[in-house]
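All figures in this text were calculated on a predicted structure; none of them were measured in a lab.
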Amino acid sequence: MSKNKFYITTSIAYANAEPHIGYALELLQADVLARYHRQKGDDVFFLTGMDEHGKKIQQKAELENKTPKEFVDEISEKFKSLAKELGISNDSFIRTSDEKMHYPIVFDFWKKFVEKEDIYKNTYEAFYCVGCEAFINEKDLKDGECIIHKKAPEQVSEENYFFKFSKYAERVKELIQKDEIKIVPEHRKKEMLNLFESEKVSDVSFSRPKESVGWGINVPSDDTQKIYVWADALTNYISGLGGPTGKLYEKFWPADVHLVGKDILRFHAMIWPAMLLSLELPLPKNIYVHGFITHEGVKMSKSLGNVVSPFDLIEKYGKEAVRYYLLREIPSYQDGDFSDERFKERYGDLSNKLGNLVLRVSAIAEKNKDILGEIKISENDISESIRNTISEYEKNIESFHLNVALENIFKLIDVSDKMVEESKLWELPKKDKEEFKKTTKDLILSIAYTAYLLLPFLPDTSERIFSALGISKDKKDWSEKPLSIKKPEPLFPRLD
RNA sequence: CGCGGGGUAGAGGAGUGGUACCUCGGCGGUCUCAUAAGCCGCAGGUCGUGGGUUCGAUCCCCACCCCCGCAACCA
């Protein structure tokens with residue numbers, strides 16, 4: 001069997017603030033998919049990174065008396081440590097301020113756009129509201145005044161380079177329609193197709209005057225202009241592979257999955273494919289779109305002061321529990337909610353179900369190891385319930401229903417618990433030694449599969465279960481070595 | 001305005017033209033291997049509103065009400 005390759009990316013986080021629990025979710029979802037494919041034996045490349053240019057960062061840095069570079073260096077360290085604390089298995093971390101990795105590819109792409117005559121200079125007329133410190137749409141004006149600041153905006157005209165999105169829009173739409181770029185879930189695809197119907201096929205601004213945005217990559221051969229976010233940030237997916245001439249690119253491009261938040265789908269579904277068409281490069285296969293997390297039903301925002309820090313959560317509950325909550329409780333592609341109360345309820349799955357099962361079965365097995373003698377397990381012996389769990393689980397992971405895949409695993413844990421109960425496993429050593437051996441073996445096999453399926457989600461826990469059973473995570477080894485079961489410390493101590 | 005999704009037990013979610021289901025929570029019972037965990041059972045819903053199609057609708061059709069998303073550089 002030839003090895004498949006699997007290239008997955010997260011969106012790159014905008015470096016204007018500390019890591020957010022929503023970004024933790026995106027990292028985790030991507031991590032599960034990456035680990036799942038590695039376990040299947042695929043050749044995986046998992047990229048994440050930071051978007052570090054732009055006006056907001058420039059302003060933030062000024063506020064803190066730092067250069068933009070100093071500022072983003074600090075922030076990106078925090079994002080890196082978040083990935084580390086969450087146990088994210090990314091293979092690389094690209095930063096758009098990386099002059100060696102990223103800049104040359106952006107320049108390169110820009111020049112190609114110019115060669116294809118897909119870039120042109122134009123004057124951009126817009127309303128600028130001093131109160132908002134931003135351009136505002138004509139639609140958002142009421143009686144010619146900004147709704148928020150009740151002031152007439154200034155009419156500003158600005159020179160920008162534009163990218164001929166309109167030239168490619170029809171083709172991109174078709175690709176989305178035919179699922180050649182597959183947008184998951186379906187309703188997001190409909191939203192995008194609908195966007196093409198409206199007047200949104202106009203060309204997009206790809207640069208800003210230097211005075212307007214000073215922190216960014218220069219437009220080649222015009223140092224009065226800086227490259228604007230899309231031409232800069234989206235390019236990370238290829239610069240992160242070392243550009244279109246590198247070995248990694250050759251092996252991994254096109255991306256199998258771009259994982260993005262619903263807020264930036266349109267850029268990934270519209271502008272990015274159009275850029276690739278212009279560059280004559282292959283297109284990503286799938287775009288998975290996740291939702292946002294509310295905090296007790298309320299949108300998290302700095303002004304409300306209800307932002308949940310992923311670091312605090314990890315410190316309080318541990319990495320594995322945080323992974324479990326976010327992946328289980330937040331539907332992969334809808335919005336979800338975080339609450340402390342709910343977190344504690346969910347934690348019960350880990351301590352009372354998973355941890356308890358492993359402990360009770362291994363305790364009985366260890367105590368009666370002379371009756372059990374030398375036992376081995378084999379994947380050929382799997383029961384109907386294990387078989388069903390596996391097929392449901394795989395189906396759900398591959399359709400980006402990660403929360404449901406976790407649910408599948410916990411159903412299997414229930415089955416095991418009932419098996420202990422119904423067989424009265426603890427009485428069997430005295431009553432029926434053969435039955436005891438057989439039931440224990442079945443149970444251990446079921447637990448081994450639980451750990452196996454859990455591996456992409458809770459890698460450390462999975463590891464601890466295997467070590468309690470005395471086997472490796474590699475299924476091929478299972479029938480080779482006899483088990484050596486040792487009662488572990490509780491996997492997830494009660495919270496209280 | 002438009003396009004899309006949705007309104008099902010206290011909460012969160014499945015579901016089907018014909019006994020309405022799962023998880024969490026609540027209540028009661030039970031075992032004792034285990035982290036006072038587990039297992040069993042109970043309570044609780046006129047399946048948004050009003051019409052229609054049908055022998056029969058939560059499920060199909062129509063109208064309406066409400067919520068949410070997209071439309072807009074909020075992870």
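The aromatic ring centroids of A:F113 and A:Y161 lie 6.0 Å or more from each other.
At B:rA37, one or more side-chain N or O atoms of A:R494 fall inside 4.0 Å of OP1 or OP2 (strictly under the cut-off). Contact annotation: A:K353 side-chain N/O to B:rC39 OP1/OP2 distance is under 4.0 Å. Taking 4.0 angstrom as the limit, A:K424 places none of its side-chain polar atoms (N or O) nearer than this to OP1 or OP2 of B:rC33. For A:R342 and B:rC24, the shortest distance from a side-chain N or O to OP1 or OP2 is not below 4.0 Å.
Within the nucleic acid shown, A:Y14 has no heavy atom closer than 4.0 Å to any nucleic acid atom. Nucleic acid contact class of A:N16 (heavy atoms, under 4.0 Å, all strands): none. Here A:L359 lies in heavy-atom contact (under 4.0 Å) with a base. Note on A:G355: a base of the nucleic acid sits closer than 4.0 angstrom, heavy atoms only. Across all strands shown, A:I21 has no heavy atoms under 4.0 Å from either base or sugar-phosphate atoms. Note on A:L265: nothing from the nucleic acid sits closer than 4.0 angstrom, heavy atoms only. As judged by a 4.0 angstrom heavy-atom cut-off over every strand, A:D263 is placed among residues touching the sugar-phosphate backbone only.
For the pair A:R328 and A:F410, the cation sits on the ring face: its NZ or CZ lies under 6.0 Å from the ring centre, inside 45° of the axis.
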Test salt bridge (charged side-chain N to carboxylate O under 4.0 Å, His left out) on A:R360 and A:D417; report intermediate values, then the result.
CA-CA 9 Å; A:R360 69 196 298 210; A:D417 254 328; 2.5 Å; yes
Kindly determine whether A:Y237 and A:H268 satisfy side chain to side chain donor-acceptor pair (under 3.5 Å), including the steps that lead there.
CA-CA 11 Å; A:Y237 300 128; A:H268 288 76; 2.6 Å; yes
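Nucleotides B:rA20 and B:rU53 are separated by 22 Å at their C1' atoms, to the nearest Å. Rounded to whole Å, the P atom of B:rU19 lies 11 Å from the corresponding atom of B:rU58. Atom C1' of B:rG51 sits at a distance of 32 Å from the matching atom of B:rC70, rounded to the whole Å. Between B:rG4 and B:rA63, the two P atoms lie 13 Å apart (nearest whole Å).
A:I57 places a side-chain heavy atom less than 4.5 Å from the side chain of A:Y14.
Remark: P of B:rG4 and CG of A:D335 are 20 Å apart, rounded to the nearest angstrom. The distance between atom CG of A:L25 and atom C1' of B:rA75, rounded to the nearest whole Å, is 9 Å. Taking atom CG of residue A:N352 and atom P of nucleotide B:rC24, one finds them 10 Å apart after rounding to whole Å. Straight-line distance from the OH atom of A:Y325 to the P atom of B:rG12: 12 Å, rounded to whole Å. Following rounding to the nearest Å, A:D340 (CG) and B:rC24 (P) show an atom-to-atom distance of 20 Å. Rounded to whole Å, atom P of B:rC3 lies 15 Å from atom NZ of A:K173. Atom NZ in A:K431 sits roughly 13 Å away from atom C1' in B:rC33 (whole-Å rounding). A:L193 places its CG atom 16 Å from the C1' atom of B:rG2, with the value rounded to the nearest Å.
In this entry B:rG2 has B:rC70 as its Watson-Crick or G-U wobble partner, both defining distances falling under 3.5 Å. The partner of B:rA34, taking Watson-Crick or G-U wobble pairs whose two distances both stay under 3.5 Å, does not exist in any strand shown. Both distances falling under 3.5 Å, in either a Watson-Crick or a G-U wobble arrangement, place B:rC24 opposite B:rG10. In a base pair of the Watson-Crick type (N1 to N3 plus N6-O4 or O6-N4) or a G-U wobble (N1-O2 and O6-N3), with each distance short of 3.5 Å, B:rC64 is matched with B:rG48. Pair assignment for B:rC39 gives B:rG29, based on Watson-Crick or G-U wobble hydrogen-bonding distances that are each under 3.5 Å.
Within 6.0 Å of atom CD in A:E341, 12 or fewer heavy atoms from other residues, nucleotides or ligands are found, so the atom counts as exposed in its surroundings.
Across B:rA37, B:rA34, B:rC3, the shortest atom-to-atom separation from the side chain of A:N194 is found for B:rC3. Ranking B:rA37, B:rC22, B:rC33 by closeness to the A:K411 side chain, first place goes to B:rC22. Residue A:E421 places its side chain closer to B:rC39 than to any other of B:rA75, B:rC39, B:rU35. When each of B:rA71, B:rC33, B:rG5 is scored by its nearest atom to the side-chain atoms of A:L195, the top-ranked nucleotide is B:rA71.
In this structure, A:L313 CG and A:R323 CZ are separated by 14.5 Å, a value rounded to the nearest 0.5 Å. Between A:E191 atom CD and A:K189 atom NZ the span is 13.5 Å, to the nearest 0.5 Å.
For a distance-only test at 3.5 Å, the side chain of A:E191 fails to qualify as a donor-acceptor partner of the base of B:rG4.
Heavy-atom distances to RNA chain B give each of A:D414 and A:E345 a nearest nucleotide, and the one nearer the 5′ end belongs to A:E345. If A:K56 and A:N356 are placed on RNA chain B by their nearest nucleotide, the residue sitting closer to the 5' end is A:N356.
Remark: ring of A:F292 overlaps the six-membered base ring of B:rA75 in a stacked fashion, centroids less than 5.5 Å apart, planes less than 30° apart.
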